[in-house]
Amino acid sequence: MSRWKALPGELDPRVRQLVVRLRRLKDHSGLSLRQLAAKTGYSASSWERYLGGRSLPPREAVEAMARIGGADPTRLLALHEVAAEAWGEGRAGTSAPEEPDAPNAPETSEATEATGTADTAGAAHTVEVVGAFQAAGADDTGPYHLAAPNEETRHGRSLRVALVAGAVALVLAVSSAVLLAVRLTDGDSRASATPLGSATPSVSPSPSPSGPRTYACEVERIDGRWYAGNSRTRDAVLAEGLAGPEVAEAQCLLRRAGLAPGVVDGIFGPHTKSAVEQLQKRAGLVVDGIIGRHTWGALRR
C-alpha cells in the first residue's frame, strides 16, 4: 500500500472522502503521476494538487480516474458533487473563484496573437472616441475624461464576482438552516423513542412509523468473514455524515470487535467515527475515520 502524505487538517471530511477514494484508485491502477497525466490529459502537477487535497479536481478528471481504476463513475461523481459543495462553502467569501485546470493549454503563439489583436482593437476604439470628442468641440484640457477600459472591466468583473459570492452564501445559509432543523427534529424523536438504561447489544426495528429507523445485528460468519445481515459490501466508502444500511453493517461489526459506535441507527456520527479510528489504529491502517476497502477487510476478518 502506498504511503501518502497526511491530508491538511482543515480539509472538509466530504472533500477528504473524495481524495482518499482517488488515492486508492491511483494505487490500484499502479500508474505514476506522469503516466496518469498521459492517460487523463491533466498534468502531473495538477494530479499532485488533487491527490494532496490542495485543489478540487474537475468532474472530467474524476470520471477519467474512475475509468482507469475500474470503479463505478456514478458513485465517484456523487462523491465529487458532495465534495464540490463543501469546497464551495469553504471559499464562498473569497474575492474571485478558483479557475479549474484545463487538460490542454492554448499555444503561446496563438495567445500572443490574440492579445495583440485585442490591444490593436482597443487602441483603434480609443482613437475613435477621442476623435468624436474633438469633433464636438472638446479639447484635451476640457472637462471630458476618458475612463481606462481595463479599470472599467475590472470593476464590472469584481461586481459580478461579489454578486455571485453573495448568492452562493445565501443559498448555503438557507440549506444549512433547513438541514439543522431536520437534524434537531430527528434528534428529539430519537431521544424520546430510546428508553433510558437500555443496554441490549441487538437493536430491533422500531415499530413506530414516525420514529428513526434502527437496525438489527444478526452477526454470523460466512466463508471466513463476518456479516451482520444489513449489507454485504466490502468496498463502499463511508464517512461522517452519511447514512444507510452500509453504515448499520459497519456499526454492528464494530460492536462485534469490542468497540462502541453508539446506537445502531445507520447514521455515521462522531461515535461511529471514533470507533472506526480505534479499529484502524488496532489494525495498523491509516487512521482517517473513513471506511474503505481496507477497513472493511479489518471489520469482516
Side-chain angles (χ1 to χ4, degrees), residues 1-92 94-116 118 157 161 164 168 234-239 280 285-297:
M1 181 173 61
S2 298
R3 303 304 299 177
W4 292 93
K5 291 183 180 179
L7 293 173
E10 68 275 9
L11 194 63
D12 190 279
R14 292 166 288 181
V15 182
R16 182 184 298 270
Q17 180 181 359
L18 175 64
V19 174
V20 169
R21 184 62 175 163
L22 290 176
R23 284 182 172 186
R24 289 173 179 165
L25 287 175
K26 192 263 182 189
D27 290 342
H28 180 71
S29 68
L31 299 175
S32 65
L33 289 179
R34 186 164 299 182
Q35 292 170 333
L36 189 62
K39 285 183 173 290
T40 61
Y42 291 85
S43 65
S45 59
S46 296
W47 277 114
E48 186 177 2
R49 292 197 306 274
Y50 301 156
L51 298 175
R54 301 194 306 273
S55 180
L56 184 69
R59 180 184 179 92
E60 293 78 8
V62 173
E63 189 173 2
M65 177 65 87
R67 291 196 303 269
I68 293 173
D72 181 13
T74 303
R75 173 171 293 185
L76 201 60
L77 290 176
L79 292 177
H80 177 268
E81 184 176 352
V82 174
E85 181 180 355
W87 193 270
E89 291 176 3
R91 286 159 174 73
T94 56
S95 60
E98 179 181 355
E99 296 182 358
D101 295 323
N104 295 309
E107 295 294 333
T108 305
S109 59
E110 294 179 359
T112 304
E113 181 180 355
T115 304
R157 184 183 297 110
V161 170
V164 171
V168 170
R234 292 165 59 186
D235 59 358
V237 179
L238 305 177
Q280 290 172 333
L285 302 175
V286 176
V287 180
D288 55 7
I290 298 175
I291 300 177
R293 181 184 298 274
H294 298 290
T295 306
W296 277 115

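One-based numbering along the sequence shown. Being a predicted model, the structure only gives us computed values, none of them experimental.
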Check: With side chains defined as the heavy atoms from C-beta onward, is the minimum distance between K26 and L33 less than 4.5 Å?
Finding: yes

Check: Counting heavy atoms not belonging to Q35, are there more than 12 under 6.0 Å from its CD?
Finding: yes

Checklist line | Closest non-hydrogen atom pair, P8 against G53 | finding: CG-O, 4.4 Å

Item checked: Separation between CG of L11 and CH2 of W87, rounded to the nearest 0.5 Å -> 6.5 Å

Next item on the list: Only counting residues at least two apart or in another chain, list the ones meeting salt bridge (charged side-chain N to carboxylate O under 4.0 Å, His left out) with R59.
Entry: none

Check: What is the minimum heavy-atom distance between D235 and R21, and which atoms define it?
Finding: O-NH1, 4.2 Å

Next item on the list: Please round to the nearest 0.5 Å and tell me the distance separating atom OG1 of T74 and atom CD of E63.
Entry: 9.0 Å

Note to self: Using side-chain heavy atoms (C-beta onward) and a distance below 4.5 Å, is I291 in contact with W296?
What the structure shows: yes

Note to self: How long is the straight-line distance from CG of L51 back to CG of L25, given to the nearest 0.5 Å?
What the structure shows: 10.0 Å

Notebook entry, point to check: To the nearest 0.5 Å, what is the distance between CG (L18) and CG (L56)?
Noted result: 6.5 Å

Margin query: Donor-acceptor check, side chain of H80 to backbone of P57, threshold 3.5 angstrom: yes or no?
Written below: yes

Checklist line | Non-hydrogen side-chain atoms of V20 and V237 separated by less than 4.5 Å | finding: no

Next item on the list: To the nearest 0.5 angstrom, please state how far the CE atom of M65 sits from the CZ atom of R24.
Entry: 13.5 Å

Note to self: I need the single residue from R16, Q280, Q17 that forms a side chain to side chain donor-acceptor pair (under 3.5 Å) with D288. Which is it?
What the structure shows: Q280

Notebook entry, point to check: What distance do L7 atom CG and R54 atom CZ have between them, rounded to the nearest 0.5 Å?
Noted result: 10.5 Å

Next item on the list: Output all residues satisfying salt bridge (charged side-chain N to carboxylate O under 4.0 Å, His left out) with D12, sequence neighbours left out; order by chain, then residue number.
Entry: R14

